[in-house]
Novice: 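Let me begin by handing over the structure; questions about it come next.
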Amino acid sequence: MLMWVMGWLGNLSLDDDKLFKEVFPIYRGMGIMIAYIWLLGWNVYGWTNNNINYKLIFRFSYHYSTISEILTRAAFFTTALLVMFLWYIILR
C-alpha cells in the first residue's frame, strides 16, 4: 500500500528514478531496525502474557522497559520514518 501511495502522491516510478535507488536503502535499513523494535515489543508482550518471568531468566537487574514503553518507542520511530520518507517523496 505504501508503494501505491508513493506512486500516486509523488508520481514516482521505482524503476526509472536513479535518486530513489540511491536513497531507498537508507530508509530500508531504518525500517529493519524499526521492525526489530516492534518484534521485540510483541515478544515481551508474549512473555508477559504467558507469565514467564523474563527479567529473572535474562538477569535484568534494574534496567528494563515495559511493553507500553517499547511499543510507544516503536510507534514514534515508525511515524518519524514515514514522515521523513513521504517528505522526501513529495519534495523531490
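Atom set for the values below is all heavy atoms of this structure, side chains included, hydrogens, waters and symmetry mates excluded.
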Novice: Grouping I, L, V, M, F, W and Y whenever their side-chain heavy atoms are under 4.5 Å apart, do Phe76 and Ile67 come out in a common cluster?
Specialist: yes
Novice: Would you call the rings of Phe85 and Tyr27 parallel, tilted or perpendicular, taking 30° and 60° as the class edges?
Specialist: perpendicular
Novice: For Tyr36, enumerate each residue passing the ring pair (Phe, Tyr, Trp, His ring centres under 6.0 Å) test, keeping only those at least two apart in sequence or located in another chain.
Specialist: none
Novice: Could you tell me which residues satisfy side-chain contact (heavy atoms from CB on, under 4.5 Å) with Asn53, sequence neighbours excluded, listed by chain and number?
Specialist: Lys55, Leu56
Novice: With sequence neighbours left out, what residues match Ser65 under side-chain contact (heavy atoms from CB on, under 4.5 Å)?
Specialist: Glu69, Ile70, Arg73
Novice: Please identify each residue that fulfils side-chain contact (heavy atoms from CB on, under 4.5 Å) with Trp38, with sequence neighbours left out.
Specialist: Ile34, Trp42, Leu71, Ala74, Ala75, Thr78
Novice: Taking transitive links into account, so neighbours of neighbours count too, which hydrophobic residues share a cluster with Leu91 at under 4.5 Å side-chain distance?
Specialist: Trp87
Novice: Applying side-chain hydrogen bond (donor to acceptor under 3.5 Å, both in side chains), name anything that partners Thr72, two or more places apart in sequence or on another chain.
Specialist: none
Novice: List, one per line, each side-chain donor-acceptor pair under 3.5 Å for residues 44-51, sequence neighbours excluded.
Specialist:
| residue | atom | partner | partner atom | Å |
| --- | --- | --- | --- | --- |
| Trp47 | NE1 | Asn43 | OD1 | 2.7 |
| Thr48 | OG1 | Val44 | O | 2.9 |
| Asn50 | ND2 | Gly46 | O | 3.0 |

Novice: Is there a chain of hydrophobic side chains (I, L, V, M, F, W, Y, each step under 4.5 Å between heavy atoms) that links Ile37 to Ile26?
Specialist: yes
Novice: Sequence neighbours excluded, which residues qualify as side-chain hydrogen bond (donor to acceptor under 3.5 Å, both in side chains) partners of Thr66?
Specialist: Ser68
